[in-house]
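Since the structure is predicted, the reported quantities are computational estimates derived from the model, not experimental observations. Every chain is numbered from 1, with letters handed out A, B, ... down the list of sequences.
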2 protein chains.
Amino acid sequence: MAPRVRIEDVAEAAGVSMKTVSRVLNCEPNVREQTRDRVMQAVEALNYSPHMFARSLAGNRTYLIALLYNNPSANYMMGVISGVLAGCETQQYNMLLCPAELEDDRLLRGVESLVARSQPDGVILTPPLTDSPALLERLKQLDIPYASISPRNQQDCICVAMDEPLAAQEMVRHLVQLGHRRIAHIIGHPAHGASDWRLQGYRRGLEEAGIAVDPELAVPGEFSFESGVAAARTLLDLPTPPTAIFAANDDMAAGVIQVALQRGLRIPQDLSVCGFDDTPMSEQVFPSMTTIHQPTDEMGRLATIALLSSLRHSEPPASLRVPHTLRLRQSSGPVPG
Amino acid sequence: MAPRVRIEDVAEAAGVSMKTVSRVLNCEPNVREQTRDRVMQAVEALNYSPHMFARSLAGNRTYLIALLYNNPSANYMMGVISGVLAGCETQQYNMLLCPAELEDDRLLRGVESLVARSQPDGVILTPPLTDSPALLERLKQLDIPYASISPRNQQDCICVAMDEPLAAQEMVRHLVQLGHRRIAHIIGHPAHGASDWRLQGYRRGLEEAGIAVDPELAVPGEFSFESGVAAARTLLDLPTPPTAIFAANDDMAAGVIQVALQRGLRIPQDLSVCGFDDTPMSEQVFPSMTTIHQPTDEMGRLATIALLSSLRHSEPPASLRVPHTLRLRQSSGPVPG
DNA sequence: TTGAAAGCGCTAACAG
DNA sequence: CTGTTAGCGCTTTCAA
């Protein structure tokens, strides 16, 4: 293996000092344009890339950000991961993946050992960790900047989120346009802010259409397939069952579809079913599912970029918004009769 | 923030030199039992954990392994990732996640930039990257050890795999026991070794039952839902259609189910359908899918442990085997009539 | 079996 | 605008 090209070699090749090369590489000011060019040429010529660890050791930064998660959805996480990696790449940062426990004590212990071992320069939080007051407080104590994806509280923090209430509202609007008036909602897991937002959007959608909100049509769920199955049974056993069921995520909607088909209901002729998230599964079930697409990778990317730029420039925290998309598929149709 | 506890502090507390602490921490020989204990006590007392970057810089190892992947299945990847993380934890290693291109040139460029930037001590390969001769050769040139998950060639390398032919054969056996004789197979993507193994197991299963292999019943697919849809149409349009379809993965099986239901076929009364992988989706479709469970996390964990221990002790490469499990669910049943 | 000294490759602080 | 010097926290060498 060829010996490593060091900053000294570049300095020599460019006829400047080590420190000047360092300045150029770190985009520090006070370097003449011409000198900068000369250095960059040497960097290219020697195909130099800085030794991350030496850099970290000397500079007291790690060039590492940690992605903390406790989320059972592989698709959601892989989306976010791709985005975070994309965001890191531009800035020569690396990502550390950190599964975390939900329970406060263990969560904090996990974070502490992460910090002891790897000292990340920043952290990206995904739901529901975004909403653990204990965690947020500890990160502040440790003076570790963080960016959150879809946190419940979007004030005074770096975060990226969709307009979830609006998205849910649009879904209801879609059902109303199909003629539905008896529209049910299966609420998500109570620990997730998304559950509240989607419920809120559901209610707004009904109000907007002048439909009274019937409390027995909004039933609790937990984002799991099984909870969707249970909720579907409750709803379909009602004296006057709904003609459309809007579940707060795709997994629960899949549960609804399963129960409906088992009972011999045709979808969407007898019952319309909608989900939320646009998981790959939502296209693969029969009938394919009307749902809302969430740009998870873009959210990861933006959160990372916002975090990294706040590390550099310590800007005021900003709350970013990403667009949702309604995916109309086969599981929603005109109201029966 | 409290100042970092350094190896010097531990040394002082234990009344030994820095180097002795280092010896203990790195499990080097030639330390008296009693000294070792004293050092460990000091480590505990001060809650010391070594500074990874300083260690890397001085020791010329990074304590990093890279997980290289090009696999569209989020569930598969999250399983492997969990396992690799679990394997890393025991040894104080960190994992770097590296999405890679499939095409040779770009794949190699990606690896080279990874190495230039992060110098991982080792690499974990997932299908189909496991089977890129160019990649394997380059890793050898760069003298970077690697472990493969389910590689096509399992000779003379560190690898972990299931007995895929056997698993597929058992699935066919299951269908034969249900009375099926006209059993079709949808083959996986040609670039994946798994496609060959599963096809092979399918054939063995038929031979074992004394059923002649009808070539028109083994149709090509690409592991995608859409390819499953296409293959299902081909098979169900046959003059004498199969009574059971065994797809080489769950996504394609989902495609089969969709086509069958659209044509008014009942599953499993009119047609049995089986998949492979046991994705979460396989439980959530209607009817829930008979499939084969692959312990992806365990595979990731074992590959990591094997890789790390080969780094330490340079043992001869070993090929590890993990067990599969048949998950019998609702999509397979007795042959019609 | 243990310790002292010399770096690993880089950046920070300060001096020019 | 640029260079010099002194570490960052650890492991390696070599000496005791």
Side-chain angles (χ1 to χ4, degrees), chain A residues 1-40 42-43 46-64 92 94 115-119 121 311-312, chain B residues 1-39 42-43 46-64 92 94 116-119 121 311-312:
Chain A
M1 249 202 317
R4 196 181 174 83
V5 179
R6 290 157 314 153
I7 197 171
E8 257 189 318
D9 305 323
V10 178
E12 193 178 352
V16 297
S17 78
M18 217 165 80
K19 177 62 205 170
T20 300
V21 179
S22 169
R23 281 205 184 83
V24 173
L25 261 33
N26 292 289
C27 304
E28 286 173 38
N30 297 335
V31 181
R32 225 192 318 171
E33 186 73 22
Q34 182 192 337
T35 315
R36 185 181 301 276
D37 289 348
R38 207 139 36 86
V39 169
M40 285 314 291
V43 166
L46 298 176
N47 191 22
Y48 169 73
S49 86
H51 191 294
M52 222 185 64
F53 298 116
R55 208 180 208 191
S56 305
L57 187 58
N60 205 30
R61 348 172 26 194
T62 56
Y63 295 88
L64 242 38
Q92 302 258 67
N94 278 127
V115 170
R117 277 181 48 180
S118 315
Q119 298 265 32
D121 291 339
L311 291 182
R312 279 212 174 291
Chain B
M1 249 203 316
R4 196 182 176 81
V5 179
R6 291 156 313 152
I7 198 169
E8 256 188 320
D9 305 323
V10 178
E12 193 178 352
V16 297
S17 78
M18 219 166 81
K19 176 62 209 173
T20 300
V21 179
S22 169
R23 280 205 184 85
V24 173
L25 261 32
N26 292 289
C27 304
E28 286 174 36
N30 297 335
V31 181
R32 226 188 323 168
E33 185 73 24
Q34 183 192 338
T35 315
R36 184 181 303 276
D37 290 348
R38 209 139 36 85
V39 169
V43 167
L46 297 176
N47 191 23
Y48 169 73
S49 85
H51 191 294
M52 222 186 65
F53 298 118
R55 206 180 209 190
S56 305
L57 186 56
N60 206 30
R61 349 169 27 192
T62 56
Y63 295 88
L64 243 38
Q92 303 258 68
N94 279 126
R117 277 181 47 180
S118 316
Q119 298 266 29
D121 292 338
L311 290 182
R312 278 211 174 293

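- Here dG9(C) presents its P atom at 8 Å from CG of Asn60(B), a figure rounded to the nearest Å.
- Annotation for Arg4(B) and Ala116(A): closest pair NH2-O, 3.3 Å, computed over non-hydrogen atoms.
- Without hydrogens or angle criteria, Arg23(B) side chain to Glu28(B) main chain gives no donor-acceptor distance under 3.5 Å.
- Where Ala54(B) and Arg23(B) each meet DNA chain D at their nearest nucleotide, the meeting point lying more 5' is that of Ala54(B).
- The distance between atom CD1 of Ile7(B) and atom P of dG9(D), rounded to the nearest whole Å, is 12 Å.
- The Ala58(A) side chain lies nearest to dT11(C) when the options are dC1(D), dT11(C), dC10(D).
- For the OP1/OP2 pair of dT11(C) and a distance below 4.0 Å, the side-chain nitrogens and oxygens of Asn26(A) include at least one atom meeting the criterion.
- Across the protein-nucleic acid pair, Arg61(B) atom CZ and dT12(D) atom C1' stand 13 Å apart, rounded to whole Å.
- An OP1 or OP2 oxygen of dT2(C) is reached within less than 4.0 angstrom by a side-chain nitrogen or oxygen of Thr35(B).
- The local environment of CD in Glu8(B) is sparse, with at most 12 non-hydrogen atoms from other residues, nucleotides or ligands closer than 6.0 Å.
- Taking atom CG on Leu57(B) and atom C1' on dG7(D), their separation rounds to 12 Å, with Å as the unit.
- Within the structure, a side-chain polar atom (N or O) of Tyr48(B) is placed less than 4.0 Å from OP1 or OP2 of dC10(D).
- If you check every strand for non-hydrogen atoms under 4.0 Å, Pro29(A) touches nothing.
- Going from atom CZ of Arg55(A) over to atom P of dG9(C) covers 15 Å, rounded to whole Å.
- As a whole-Å value, the separation of Asp9(A) CG from dC8(C) P is 12 Å.
- In terms of heavy-atom proximity, Tyr63(A) sits nearest to Met52(A) at CB-CG, 4.4 Å.
- At least one side-chain nitrogen or oxygen of Thr20(A) sits closer than 4.0 Å to the OP1 or OP2 atom of dG3(D).
- Taking atom CE of Met18(B) as the reference point, atom P of dA6(C) lies 13 Å away to the nearest angstrom.
- Rounded to an integer number of Å, the gap from Glu28(A) CD to dC10(C) P is 14 Å.
- Side chain of Asp37(B) to backbone of Gln34(B): no donor-acceptor contact under 3.5 angstrom is found.
- Distances were taken from every side-chain heavy atom of His51(B) (C-beta onward) to each of dG9(C), dC10(D), dG3(D); the shortest belongs to dC10(D).
- Between the Asn94(A) side chain and the Leu64(A) main chain, no donor and acceptor come within less than 3.5 Å of each other.
- For Asn30(B), the listed nucleotide lying nearest its side chain is dT2(C); candidates were dT2(C), dT11(D), dC1(D).
- Within the structure, every side-chain polar atom (N or O) of Ser17(A) is placed at least 4.0 Å from both OP1 and OP2 of dT2(D).
- At dT2(C), one or more side-chain N or O atoms of Arg32(B) fall inside 4.0 Å of OP1 or OP2 (strictly under the cut-off).
- Closest to the Lys19(A) side chain, of the nucleotides dT12(D), dA12(C), dG7(C), is dA12(C).
- Here Ser22(A) does not reach the OP1 or OP2 of dC10(C): none of its side-chain N or O atoms lies under 4.0 Å away.
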